[in-house]
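Quick notes on the structure that follows.
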Amino acid sequence: MTTKDKKRRLAVIGAKDKGGAGLSTMETALATILRATGEGQFRVQIVDADKANGSLTQRMGERDETGKLLAEQDPYKGVIKADLFDRDGARPIFHAIESDAEFVIIDTPSGSLDRFGSLSESLTARDLVDHIRRNGREPIILVPFGPTVAAIRGVGKAIDIFGDVPYVGARYMAGLRDADYRLWSSEALTDIYGRSVGGKVRRKFEEAGGRLIDMPPAPMGSFALAEALKMTLAQSANHVGGDYEQYDRLNMAAWLNKWVHEFQKIEDLLGLEGTEWRPF
């Protein structure tokens, strides 16, 4: 969505097999940047479907004057709660898709790829995609992955589950280099039993029109401190005082600016070409 054309409506669904891949952190960064960029231009709803951890709720949920999370959240300022693993826990996701928000961002727990195959007795990921499109939106599937076989296979699994939709693969880069993604970037290898491994998922991803971004490693000291002090990412990039130092603020501001650079690689998918991006 550009400042000139505000008609595009999107649903960005994060999906993963394993935890620790950085999905919630990435979607927190995306939600922070979209809300800052869209202030006065477009609206963003966030759905946290990970009831067990609720990382996105903790990082972006509305709080009262004592710091306690509000039971009732403004869908355009806070976070909508869902529970992907409850029998009808996906209901808030469908409701958010029906809203008039231009962007809906959906965070999910570990194992969500399997769960998307059976959202209820009747509904699957393909039905969710159909619902997104019937409500005048375009789906984007966001899949984080690391350099291991199991992590990379999750990308191919997402393509099998969701079908013909745009995909964004996000490489986890904390402590890693390009060279560590040998199984992704190389042609097929042969294991000790003579079977072909590696390269297949990347080709499948490319054939599906997938786009690749990297996750900037977080400045963990400043990030963890901001989380402990109950700051949103936007607050951490603006705040100095008490136990939060200028050094911490600068670290967080620089990190969010790195995220802007990554998301600008897919600004055409997001409909944000020509938009003046704001990190926080």
Side-chain angles (χ1 to χ4, degrees), residues 9-16 19 22-110 112 115 119 128 132 135 137 142 218 222-244 248-249 252-253 255-256 259 278-280:
R9 287 157 47 83
L10 298 168
V12 182
I13 303 172
K16 61 186 178 183
L23 176 61
S24 294
T25 299
M26 174 168 49
E27 293 207 299
T28 305
L30 177 61
T32 298
I33 291 165
L34 286 180
R35 280 187 169 168
T37 299
E39 188 174 354
Q41 300 181 64
F42 57 81
R43 295 154 299 177
V44 181
Q45 286 198 9
I46 306 164
V47 183
D48 185 349
D50 186 353
K51 183 180 180 182
N53 294 312
S55 298
L56 209 153
T57 301
Q58 290 294 324
R59 294 168 184 165
M60 296 202 70
E62 288 185 296
R63 298 177 182 272
D64 65 18
E65 63 277 3
T66 70
K68 183 179 178 181
L69 286 166
L70 297 177
E72 296 295 327
Q73 299 265 320
D74 183 326
Y76 295 104
K77 296 179 181 178
V79 177
I80 300 165
K81 296 179 182 179
D83 182 0
L84 198 68
F85 285 99
D86 185 66
R87 180 187 175 197
D88 293 311
R91 188 192 307 271
I93 295 175
F94 284 77
H95 289 173
I97 287 165
E98 295 161 12
S99 76
D100 57 2
E102 284 81 2
F103 283 90
V104 175
I105 299 172
I106 302 160
D107 188 35
T108 63
S110 301
S112 62
R115 180 59 177 166
L119 290 170
L128 178 60
I132 290 169
N135 280 273
R137 297 187 186 279
L142 192 60
S222 300
F223 182 90
L225 182 59
E227 196 169 55
L229 298 177
K230 296 182 171 56
M231 293 182 187
T232 65
L233 294 186
Q235 288 170 332
S236 72
N238 281 293
H239 179 83
V240 177
D243 293 316
Y244 212 68
D248 297 307
R249 184 193 71 77
M252 295 298 284
W255 180 61
L256 283 170
W259 271 115
R278 291 178 54 197
F280 48 83

Within 6.0 angstrom of Glu39 CD, more than 12 heavy atoms from elsewhere:
no
Are the side chains of Leu229 and His239 in contact, using a 4.5 Å heavy-atom criterion?
no
Any Ile97 side-chain heavy atom under 4.5 Å of Leu128 side chain:
yes
Is a side-chain N or O of Ser112 found less than 3.5 angstrom from the main chain of Lys16, in a donor-acceptor match?
yes
Salt bridge (charged side-chain N to carboxylate O under 4.0 Å, His left out) with Asp100: which residues, sequence neighbours excluded?
Arg43
Does Phe280 have any ring pair (Phe, Tyr, Trp, His ring centres under 6.0 Å) partners at least two apart in sequence or in another chain, and if so, which?
none
Got a sec, which pairs hit salt bridge (Lys or Arg N to Asp or Glu O under 4.0 Å) with one end in residues 46-60, sequence neighbours left out?
Arg59-Glu227
Are Gln58 and Leu69 close enough that some pair of their side-chain heavy atoms sits under 4.5 Å apart?
yes
Going by side-chain contact (heavy atoms from CB on, under 4.5 Å), name the residues that satisfy it together with Asp88, two or more places apart in sequence or in a different chain.
Arg91
Just list the side-chain donor-acceptor pairs under 3.5 Å for residues 77-87, sequence neighbours left out, or say none.
from, atom 1, to, atom 2, distance (Å)
Asp83, OD1, Phe85, N, 3.2
Arg87, NE, Glu121, OE2, 3.0
Arg87, NH2, Glu121, OE2, 3.2

Residue list, side chain to side chain donor-acceptor pair (under 3.5 Å) with Thr32, at least two apart or on another chain:
none
Which residues pass the side chain to side chain donor-acceptor pair (under 3.5 Å) test with Glu62, sequence neighbours left out?
none
Is the shortest heavy-atom distance from the side chain of Ile93 to the side chain of Leu119 under 4.5 Å?
no
Could you work out, with ring pair (Phe, Tyr, Trp, His ring centres under 6.0 Å) as the rule, every residue matching Phe94, not counting sequence neighbours?
His131
Would you call the rings of Phe42 and Phe103 parallel, tilted or perpendicular, where under 30° means parallel and over 60° means perpendicular?
tilted
Residue list, salt bridge (charged side-chain N to carboxylate O under 4.0 Å, His left out) with Arg63, at least two apart or on another chain:
none
So, does Glu27 use its side chain to make a donor-acceptor pair with the main chain of Asp107 at under 3.5 Å?
yes
Are Ser99 and Arg137 side-chain neighbours, meaning at least one heavy-atom pair lies under 4.5 Å?
yes
With sequence neighbours left out, write down each residue that passes side-chain contact (heavy atoms from CB on, under 4.5 Å) with Ala226, or none if nothing qualifies.
Met231, Ser236, Tyr244
Asp64: partners by side chain to side chain donor-acceptor pair (under 3.5 Å), with sequence neighbours left out:
Thr66
Would you please name every residue forming a side chain to side chain donor-acceptor pair (under 3.5 Å) with Arg249, sequence neighbours left out?
Gln246
